[in-house]
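Note sheet for the following structure.
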Amino acid sequence: MKEKIHIFDTTLRDGEQSPGASLNIYEKLEIAHQLAKLNVDVIEAGFPVSSPAQFDAVHAIASEVDKIITGLSRANEKDIDAAYKALNPASKKRIHTFTSTSDYHIIGKFGHEKYGRSLEEKRKTILKMTYDSVAYAKSLCDDIEYSAEDAGRTDIGYLAEIIEAAIEAGANVVNIPDTTGYTLPTEFGQKIKELKNRVSNINDAIISVHCHNDLGLAVANSIASLENGARQIECTVNGIGERAGNASLEEIVMALKVRGDLFQFDTEINTKEIYNTSKLVSGFTGILVQRNKAIVGENAFAHESGIHQDGMLKNRDTYEIMTPELVGYPSTKIVLGRHSGRHGLKARLTQIGYNLSDDKLAKVYESFTKLADKKKEVFDDDLRILMGDEITQTNENISLDHLQITSGTKSIPTAVVRIKVEDDIIQESSVGDGPIDAAFNAIERALKINPQVESYNVRSVTSGRQALGEVLVRIRSNSKSFTGRGISTDVIEASALAYISALNKKNAYYKLNKESENKEELTKAV
Ligand code: KIV
Ligand code: ZN
């Protein structure tokens, strides 16, 4: 019997902190349901105190998804209360609280002398804060996780002291994050081993690790920690997260499975759901998976050279250490088309992970037939896009009613747009450096706005001349970024749709959080 490694998924919390990855509540719920299908052990659903939108999303996931649901909180009663309230509907809930423990963080974040004059005094203050906050959280909830932020760069003696205090105060999971992705595998493994030796009550808690990927070592560090006593790994789908991201769930899970000959432990992940989960997360976050990404990249199971193809035909083991089927990678491409019926559509959607009520199916079937009229062949990725739009398209008060573009080698690119804003129709036109610039200018004129467009990406979703074009537009407002997605067989229309979708996401965010978009400027003015 192998020992179980708990998989703590933080795609919806740390993963969502990736620049531009903001997800709305419907998208988060859909991802959380898929994570449950993947059979992760814990879902970190957000940081409830940070905004009303975060609170509502954690609450909704706690109400609907039957897994251990957790929410992050800093070490104070206000944060912990918000997390507890948001998690309340969950049948299995965990409060996750953290303090900063490295000297870098203590000096950087606790510089004020109210926390102590010397480093020694500040460390004592943080030790007490840790004990008090964990004890307070424990008074509300049985399952408490404590994280020592920047543990990777924390002095081992102090780290041992603080972990011991957290366990004494009631933490049943103690997390050792390599917050800055600084450590190397042997060093990180040694840190876990030292904690096992130094912390007298360590056997009363599960050791967890949470590695960032700044040196590309997050997965290697996580695995090194298992060999030294860790039994929970925190990770994200596709490895998304702050900066270079977090340890990638699929790489850890498959490393343990494929090299099961070396490990006495395994996870309970349903590996056949890995590919669908990866697609769902990249679709909603707009963070594309690089083609050569291990396990889930488009090339992960492609064999290009003649020698490799020949070897594969004779025996798959020659160049394949795991089968694509094991991670749910489609072995054959099923194609639907204009003659496919509702039944066929439903069956295919179920196979790629969507279970629809009859009402929803009727709506999706309508969009499907429109698409099938434009495109002869409808692939799985087209269906994912249809489904994504179905889930995301909520409260969109700005929509594109009409777009007309004039462009050519000798003409000035010009766009005419008609935009619907709730019940009003606004028409405007503009020229630009190219047809897309002209369309964006016309939209900005119509709405009297001028946001900063941070990035623009276009790609074809499926192959062939009739491929759907997918455009991702990221705009910035104050310190937040919003990514909109547009899909069409016409990439200029897709661009306009993506821009409008980003604007809708931004507006929904400010509305939900009851914040003014000009908050920063207003604060400065006061
Ligand atoms: O990277 C980190 O330290 C974190 C903690 C809050 C767990 O995300
Ligand atoms: Zn993190």
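Whatever order the structure lists them in is the order used to number ligands and atoms, beginning at 1. Sequence positions, counted from 1, serve as the residue numbers for this chain. In this text the structure is predicted, and so the values were computed from the model without any measurement.
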Review point. Pick from Thr97, Asn172, Thr99: which one makes a side-chain hydrogen bond (donor to acceptor under 3.5 Å, both in side chains) with Tyr146?
Key: Thr99
Carboxylate-amine/guanidinium proximity below 4.0 Å for [X] and [Y]:
X: Glu298; Y: Lys293; answer: no
X: Glu121; Y: Arg117; answer: no
X: Asp142; Y: Arg94; answer: no

**Study point:** Asp14, N/O/S atom nearest the Zn ion (ligand 2)
**Key:** OD2
Exercise for review: Flag the pair Glu234 / Val209 as yes when at least one side-chain heavy-atom distance between them is below 4.5 Å, and no otherwise.
Suggested key: no
For ligand 1, is there an N or O atom under 3.5 Å from any N or O atom of [X]?
X: His96; result: no
X: Glu149; result: no
X: His212; result: yes
X: Asn175; result: no

Review point. With a 4.0 Å cut-off on heavy atoms, is Arg13 touching ligand 1?
Key: yes
Review point. Is the Zn ion (ligand 2) less than 2.8 Å from at least one N/O/S atom of Glu234?
Key: no
Review point. Is the side chain of Thr154 donor-acceptor paired with the backbone N or O of Leu159 at a distance under 3.5 Å, no angle test?
Key: no
Review point. In terms of residue, atom name and distance, what is the protein heavy atom nearest to atom 3 (O) of ligand 1?
Key: Thr179 OG1, 2.6 Å
Revision key, fill the gap. Residue, atom and distance of the protein heavy atom nearest atom 4 (C) of ligand 1 read His210 NE2, 3.5 Å
**Study point:** Atom indices of ligand 1 within 4.0 angstrom of Ser147 heavy atoms, with elements
**Key:** 7 (C)
Exercise for review: Inspect the surroundings of OH in Tyr104 and state if more than 12 heavy atoms from other residues, nucleotides or ligands are less than 6.0 Å away.
Suggested key: no
Check your understanding: Side chain or backbone of Gln17 under 4.0 Å from ligand 1, or both, or neither, by non-hydrogen atoms?
Key -> neither
Point to revise | Partner of Asp103 by salt bridge (charged side-chain N to carboxylate O under 4.0 Å, His left out), out of Arg153, Arg123, Lys109 | key: Arg123
